[in-house]
2 protein chains.
Amino acid sequence: MATRGGQERGSVRSLERGLALLVAMNRRKRASVMELARDTRLPRPTVYRLLETLRQAGFVAYGSSTDRFQLAPQVRALSDGFADDEWITEIASPLMAEFTRELVWPVALMTFDEGTMLVRETTHQASRLSIDSGMVGRRLPMLRTAAGRAFLAFAPDNERGAILELLNHSRSTDDRYAQGTQRLNVMIKAIRAKGYATQEREINPRTSGIAVPIRVDERVLGSISVIWIASALTMDEALHRFIKPLVHLSGRIITAMRNGSVLTSARGGAATERFPGIARG
Amino acid sequence: MATRGGQERGSVRSLERGLALLVAMNRRKRASVMELARDTRLPRPTVYRLLETLRQAGFVAYGSSTDRFQLAPQVRALSDGFADDEWITEIASPLMAEFTRELVWPVALMTFDEGTMLVRETTHQASRLSIDSGMVGRRLPMLRTAAGRAFLAFAPDNERGAILELLNHSRSTDDRYAQGTQRLNVMIKAIRAKGYATQEREINPRTSGIAVPIRVDERVLGSISVIWIASALTMDEALHRFIKPLVHLSGRIITAMRNGSVLTSARGGAATERFPGIARG
DNA sequence: ACTGGATGTCCGCACAATGGACAATTCGGG
DNA sequence: CCCGAATTGTCCATTGTGCGGACATCCAGT
């Protein structure tokens with residue numbers, strides 16, 4: 001048997017696995033059973049069984065012409081009821097769409113959440129040049145994303161200290177990056193000086209990114225990042241092309257929020273408001 | 001005990017139930033365990049177990065102040081990768097079939113994807129004159145297919161520029177075609193002027209093709225192309241015979257989409273209607 | 001104090017989910 | 001054209017897992 005992989009107690013394994021499978025399918029437009037088995041590290045027969053269940057429930061469909069599975073429209077029923085923060089849907093989203101309409105490459109909006117950068121919104125759908133789909137809702141490591149680095153660099157000193165401490169105790173090697181306190185401080189200083197953070201082929205070996213923070217009154221609500229296919233543009237070219245529009249985008253979001261067409265509850269700690277009581281553990 | 005009347009074969013029950021639970025949560029802003037148990041007709045202990053699993057996986061959160069569960073931003077990872085392709089099977093396919101029924105030669109529908117033209121649908125199986133089968137799912141180079149050329153020519157300027165930039169850095173010689181910027185611009189201008197693109201024996205030395213774009217509001221969704229055995233028809237004969245029907249086909253697809261015989265629900269549409277649920281029998 | 005409804009947890013049992021193994025098929029390439 | 005490698009699909013003995021009845025607790029209403 002596959003010896004318990006360090007699972008928590010009271011968990012329904014097959015549900016965990018089925019959801020992992022669904023998430024994996026969101027990452028590939030059309031997937032074969034084998035690809036999914038590899039992505040999820042599940043035994044192939046298990047993937048067959050779970051996929052068959054998902055198919056009967058209507059969440060995935062078997063492409064008759066392609067011999068592959070794909071998501072069915074019904075998956076929307078799994079998340080349509082989720083109400084995102086208003087400043088994201090009402091203000092940031094449309095401005096992000098505008099960016100991609102002009103510059104073609106996709107952008108993503110991420111916020112800090114539980115020691116990771118949580119992808120809240122992207123224009124991957126709208127961008128012709130996106131190779132990553134299904135990113136919204138995923139968590140990416142703080143120190144290996146441009147967005148996370150930008151967030152950290154511009155966060156208030158005490159917050160940054162607390163977060164780094166948290167990361168130092170992380171199990172993941174992605175977060176151990178924080179170990180080299182020396183080197184990290186250099187990086188953070190550089191980001192603060194330049195006003196943006198970068199990442200080259202770290203998350204996806206085929207893409208790179210640049211990110212700027214969204215700062216409202218000393219507070220960093222999150223980061224906006226552009227993502228491009230690394231082979232198409234060098235970092236220098238990308239910087240030259242994207243920095244100004246990115247900063248502009250961030251600025252527009254901030255001013256739009258200040259003018260407060262947003263809901264009244266945006267007072268004080270807007271970022272921490274969104275979840276009245278986040279109980280973890 | 002639940003009756004389990006129409007028990008499907010090879011299904012993982014706990015996954016079905018967990019998904020039903022998630023769907024139920026999408027229907028309520030905040031739900032208590034009991035409400036969910038009633039909605040899904042699951043035993044309460046089961047709901048606890050499943051909810052706990054969902055919580056550990058990060059898809060729902062427990063509001064400590066309200067004693068209720070609610071969806072977490074991560075649920076979007078379950079559906080963000082879904083791209084609405086229904087127009088291809090629902091609208092384009094039948095119209096394409098009609099084309100081949102009348103004109104005998106096969107047509108193919110391709111969309112731009114990751115720097116290539118992806119064959120999404122064909123009428124090869126319906127055409128007796130087809131020599132290429134099993135094309136669906138295959139990727140063909142942008143600049144050597146009629147479909148790719150048509151797509152490029154009619155794409156918005158900024159998109160075309162970005163795509164060509166990407167192709168210029170491609171490893172494949174098929175894409176290096178883009179090197180001759182001069183000659184390429186001439187070709188693109190010609191295509192725009194004529195309204196269609198052609199290809200002679202480029203992909204398959206025995207076949208040629210003509211393609212027109214599918215344009216909806218300044219946006220090019222893909223291309224439709226006819227393929228014929230080159231020795232049977234000269235390009236001029238083919239043009240004379242196919243152009244009008246091809247343009248007509250593209251036009252019909254576009255109007256059918258505008259009339260939205262497919263639910264073009266932007267967001268929050270009533271997509272949450274028909275989850276079979278547990279007590280389906 | 002009593003009642004009815006809701007919340008949370010326990011734990012032994014049955015069987016549902018599991019995955020190793022094998023057969024069938026496709027692919028590629030020499 | 002043939003062969004080995006990789007992929008696809010299915011079977012079924014085994015046991016670990018999900019199940020849910022039962023019990024304890026809490027709270028609001030009367």
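Chain A is the first sequence line, chain B the second, and so forth, proteins listed ahead of strands; every chain is numbered from 1.
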Write down the distance between [atom1] ([X]) and [atom2] ([N]), rounded to a whole number of angstrom.
| X | N | atom1 | atom2 | result |
| --- | --- | --- | --- | --- |
| A:Glu16 | C:dT18 | CD | C1' | 15 Å |
| A:Tyr48 | C:dC22 | OH | C1' | 14 Å |
| A:Leu21 | C:dT18 | CG | P | 11 Å |
| A:Leu51 | D:dG9 | CG | C1' | 13 Å |
| A:Phe69 | D:dT8 | CZ | C1' | 11 Å |
| A:Leu50 | D:dG18 | CG | P | 12 Å |

Evaluation steps, side chain to side chain donor-acceptor pair (under 3.5 Å), between A:Ser11 and A:Glu16: CA-CA 8 Å; A:Ser11 260; A:Glu16 278 174 4; 3.0 Å; yes
Residue pairs involving residues 102-112 of chain B (criterion salt bridge (charged side-chain N to carboxylate O under 4.0 Å, His left out); sequence neighbours excluded):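 As it turns out, there is no salt bridge (charged side-chain N to carboxylate O under 4.0 Å, His left out) pair with a partner in residues 102-112 of chain B once direct neighbours are skipped.
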Residue A:Arg201 excluded, over 12 heavy atoms near CZ under 6.0 Å: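 Yes, enclosed.
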Between the first and last five pairs of the helix from C:dA1-D:dT30 to C:dG30-D:dC1, the angle of the axes, rounded to 10 degrees: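 Comparing the axis at each end, I get an angle of 40°.
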A:Thr145: partners by side chain to side chain donor-acceptor pair (under 3.5 Å), with sequence neighbours left out: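 A:Thr145 satisfies side chain to side chain donor-acceptor pair (under 3.5 Å) with no other residue.
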With sequence neighbours excluded, residues passing side chain to side chain donor-acceptor pair (under 3.5 Å) with A:Ser14: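 Checked A:Ser14 against side chain to side chain donor-acceptor pair (under 3.5 Å); matches are B:Ser14.
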Contact nearer the 5' end of DNA chain D, comparing A:Asp67 with A:Ser14: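 Between the two, 5'-proximity favours A:Asp67.
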Candidate nucleotides C:dG19, D:dT10, D:dG20, ranked by approach to the side chain of A:Arg13 - the nearest: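 Ranking C:dG19, D:dT10, D:dG20 by closest atom to the A:Arg13 side chain puts C:dG19 first.
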Side-chain N,O ([X]) to OP1/OP2 ([N]) below 4.0 Å:
| X | N | result |
| --- | --- | --- |
| A:Arg49 | D:dC11 | no |
| A:Tyr62 | D:dG9 | yes |
| B:Arg17 | D:dG18 | no |

Interface residues of residues 25-46 of chain A with DNA chain C (non-hydrogen, below 4.0 angstrom):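 Output list: A:Pro43, A:Pro45, A:Thr46.
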If we only count heavy atoms from C-beta on, is the [X] to [Y] side-chain gap below 4.5 Å?
| X | Y | value |
| --- | --- | --- |
| B:Val119 | B:Arg139 | no |
| A:Asp132 | A:His124 | yes |
| B:Leu233 | B:Phe242 | yes |

Salt bridge (charged side-chain N to carboxylate O under 4.0 Å, His left out) involving A:Arg28 - partner list, sequence neighbours excluded: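 Once residues adjacent in sequence are excluded, the partners of A:Arg28 under the salt bridge (charged side-chain N to carboxylate O under 4.0 Å, His left out) criterion are A:Glu35, A:Asp39.
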